[in-house]
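The sequence lines fix the lettering, A, B, ..., with proteins before strands; numbering per chain opens at 1.
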Amino acid sequence: MASSPAEVVLGRSAAGDVALIDLDAAGMPVSTVAVDIDALPDVIAARESAGDVRWIWSDTPTWYTRLLSAGVRVRRAWDLRLVHAILRDAASVQDDQGLRGETSWDAAATALDDLDTLFAFGDSVGPPEGADEALAEYRRQRATIAIARTAGSLRLLAVAESAGALTGVELHAAGLPWSVEAHAHLLEDQLGPRTAGGLPARIEDAAAAVRSALDDPGASLDSQPKLLRALHRAGILVESTSQWDLGRHDHPAVAPLLAYKKLMRLYTANGWAWMDEWVRDGRFRPVYVPAGVVTGRWASSGGGALQIPRRLRTAVRADPGWTLVTADVAQLEPRVLAAMARDTALAAAASGRDLYAGVVDSGAVATRAEAKMAMLGAMYGATTGESGRLVPRLRRAFPRAMGLVDDAARIGEDGGRVSTWLGRTSPAPGDAWRALQSRASGAEASGGDETNARRAARDRGRFTRNFVVQGTAAEWALAWLADLRTRLSTLAAVEAPDAAPRSGPAFARSPHLAFFLHDEIIVHTPIVHADAVADAVRTSAASAGRLLFGEFPIDFPLDLKIGPTAEKE
DNA sequence: CGGCGCGGCGCG
DNA sequence: AAAGCGCGCCGCGCCG
C-alpha cells in the first residue's frame, strides 16, 4: 500500500508571488513558502522529484498550462473548481460547510486565450486564485466529502476528475500527430484543387448537376428554405432537406444534391481553412473541456475535436520511428449499466467480445442489429419505431438493468434528480419546467397545458434515463485515462534521435496520450514501446473496471490496434 | 455590424 | 432507414 501523497495548496500570495502551503494528514496547514512566479516551475519540479505530491489549485488550465510549457509535469492534482461543481450538485452531500454558498467557485473555466496573461495575476476572470481562498475551499471540500454517505465514491470522483483535468491540458499540449500532406491529398481527391476564391471544382460540378436536374439554373443550395421550395417546384415533396429525407426520393437531382452536401460539409468543416487554423507543426491541438457536459463527459472547444469525420482519420500519422496505439471500448454504456444494476444476466451476455451477440444468445431478440437497436432504445428512451417495439423484450430478459434506467426516467419525469455510480448528480429542473408542471396540474389547466407538461416531463425523463448511464460511462473513462496516464509515464523516454517526435512538449518525448473521445484513446509512442503501451492500455481498462465496480463480473474488452489509424468498417 | 435560433450533420 | 441521449460547428436568416 503506497503512502498518501503530500498535499500542497498553490495560490497567489498577498505579496503578489505564489504561496505553497503544505498540509498535514488532517488538511491543516503546517508550513508556507512564497516563491517568485518565475521560479515556480523549478520549485514544483523539485517537489515532484522529491516525492509524491498532490497539488491543490483553483483551476487546472490556469496553473498547469504554464508549468507544462516550462517543461514541468505533475502527477496529481485537485481541481477546486471542478470538484466544487460536483459537490455543489451532489445529492449525497450535506452542505454543512456552506460550500454551496461559495459561488465564486462556480465561475466558468478560464478561457484559453487568457492563459498567457494569467500569471501576471491581474484581473482574473476565473475562480479565486488566492492561496488563502484555495486553502479555505479545499478544507470545505474535504470536510464535505468526509461526512457524505458516499465519501469513498465522491473522493474517487474528485481525484479522477482532477486527473482528467491534467490529462486535458496535456492532450492539448501534445496534440494529435496530423499529416497535412495526407489531409491535403484527401481534400484534393474529393474536392479538386484548392481554389483562391469560389468553390472547389467538384463542389461546383455537383451544384451544376443539381440545378440541371431541377431545371432551375438559379436554385439556391445553401439556404434551407430556398432549397426546400426549389425541390417542391421540381416535384420532390420532401419535408426537410436532410439527407435521410432526400434519400427516400427517387429523382435525378437527389444523388448530386447528397454529393453536394457531403462535399460542402467536408469543405466547410474540415477543409483547407480548418487545416490552416488548427494544424501547427504537424499537430492538431483541440481544446479539451473536462466535464464540459452535464453528465461529466468532456466537451471540446475549437477545431471540433469531437466531430472529426472517421474518413479523415487517415491524416492521423505517427512521427518517424513512432507509431499509434488506438483503442476503444466495445459497448461501454450497456456494460456500465449491467455493472451499476448488478444485472448478472446482462453481465453474462456481455462477457467476452460482443455484448450484442450475447444478447442474441440470451434469446431476447433474434439478430445483432435488433439487440443494438433495443439496447440503445432502452438507454435513450425510445418509445416509437422498431427500437421502441423491441425494448420490452429487453425488460423481460434483463429486468434489473432495465429497471435501473426506467427508474431514472420516472424520477426525472417527476422533477427529481438522479446520480451516477460515483455520485455526480443531474441538475434540478429549471423554473420554466416547474411552472409548466404546476400549471398543468392546476384547476384551470387547458388540454394544451397538459400536453405540453407531459411532453416536457417525458423529455426530462429521457435525459435522466440517459444521464446515469452516460455519466457513469464517463467516470469509467476517467478512471481508464488516469490509470493509463500514470502507466505511460513510467515507460522510459527513447534517446535515439531518429525516434524523437517532431514537435511538442518535453513529456511528449516518451509514450503519451494524443487523443481522447468518450470511449476511445490514441497513444503516440516510439515503436519500441508499442507492445508495452498496448499492455498498459489493456491493464488500465481492467483496472478501471475494478476501481468502479469491484469484483462484479463485468469486463471491458477493447478494440485495440497498433499502427496507422484507419477509418472504421 | 454582432448576437442568436435553427436546420443540418459530424462525433460518441 | 431512423429513433431515443449527449455534444460543436457550419451557413443562413432574422433581430436589434
Spacing of [X] atom [atom1] relative to [N] atom [atom2], expressed in whole Å:
X         : N       : atom1 : atom2 : answer
Arg458(A) : dC5(C)  : CZ    : P     : 13 Å
Arg229(A) : dG13(C) : CZ    : P     : 9 Å
Arg297(A) : dC5(C)  : CZ    : P     : 13 Å
Trp476(A) : dG12(B) : CH2   : P     : 16 Å
Gln224(A) : dC14(C) : CD    : P     : 12 Å
Gln307(A) : dC9(C)  : CD    : C1'   : 5 Å
Met275(A) : dC9(C)  : CE    : C1'   : 19 Å
Arg313(A) : dG12(B) : CZ    : P     : 6 Å

Within less than 4.0 Å of OP1 or OP2 of [N], is there a side-chain N or O belonging to [X]?
X         : N      : answer
Gln243(A) : dA1(C) : no
Thr384(A) : dG4(C) : yes
Lys262(A) : dC9(B) : no

Measuring from the side chain of [X] (C-beta onward, heavy atoms only), which nucleotide among [options] has the closest atom?
X         : options                  : value
Asn466(A) : dG8(C), dG6(C), dG4(C)   : dG6(C)
Asp222(A) : dC12(C), dG12(B), dA3(C) : dC12(C)
Thr268(A) : dG8(B), dC10(C), dC11(B) : dC10(C)
Gln470(A) : dG8(B), dC5(C), dG4(C)   : dC5(C)
Tyr380(A) : dC11(B), dG4(C), dC9(C)  : dG4(C)
Thr383(A) : dG4(C), dC5(C), dG12(B)  : dG4(C)
Ser223(A) : dC12(C), dG8(C), dG12(B) : dC12(C)
Phe463(A) : dG12(B), dC5(C), dA3(C)  : dC5(C)

Base, sugar-phosphate or nothing for [X]? Non-hydrogen atoms, less than 4.0 Å.
X         : value
Gly377(A) : base
Lys226(A) : sugar-phosphate
Ile308(A) : sugar-phosphate
Met373(A) : base
Arg462(A) : sugar-phosphate
Gly303(A) : sugar-phosphate

For this session: Could you classify dG4(C) for me, syn or anti, using a glycosidic angle within 90° of 0 as syn?
Result: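 It is syn.
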
For this session: Taking the side chain as every heavy atom from C-beta outward, state whether Arg465(A) and Arg410(A) have any atom pair closer than 4.5 Å.
Result: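 Sidechains of Arg410(A) and Arg465(A): no contact.
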
Exercise. Do Trp476(A) and Phe549(A) make the cut of ring centroids closer than 6.0 angstrom?
Worked result: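 Ring-ring flag for Trp476(A)/Phe549(A): false, centres at least 6.0 Å apart.
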
Problem set entry | Phe284(A)-Trp274(A) aromatic ring centre distance below 6.0 Å |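 Aromatic pair counts; centres sit under 6.0 Å.
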
For this session: Report the distance from atom CD1 of Ile522(A) to atom CG of Leu517(A), rounding to the nearest 0.5 Å.
Result: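 Reported value, rounded in 0.5 Å steps: 9.0 Å.
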
Exercise. With nearest nucleotides of DNA chain C determined for Thr295(A) and Glu386(A) from heavy-atom distances, which residue corresponds to the more 5′ nucleotide?
Worked result: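 Its nearest nucleotide lies further toward 5', so the answer is Glu386(A).
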
Tell me yes or no: between the side chains of [X] and [Y], is some donor less than 3.5 Å from an acceptor?
X         : Y         : result
Tyr267(A) : Gln190(A) : no
Thr425(A) : Ser419(A) : yes
Asp222(A) : Tyr260(A) : yes

Problem set entry | Reference residue Leu422(A); test side-chain contact (heavy atoms from CB on, under 4.5 Å); the match among Leu547(A), Leu478(A), Leu157(A) |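 It is Leu157(A), the one option of Leu547(A), Leu478(A), Leu157(A) that forms the side-chain contact (heavy atoms from CB on, under 4.5 Å) with Leu422(A).
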
Exercise. Is the cationic atom of Arg317(A) (NZ for Lys, CZ for Arg) positioned less than 6.0 Å from the six-membered ring centroid of Trp178(A) and within 45 degrees of its normal?
Worked result: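 Negative - Arg317(A) is either too far from the ring of Trp178(A) or too far off its axis.
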
Problem set entry | Angle between terminal axes - the helix from dC1(B)-dG16(C) to dG12(B)-dC5(C), 5 pairs each end, rounded to 10° |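 Comparing the first five pairs with the last five, the axes sit 10° apart.
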
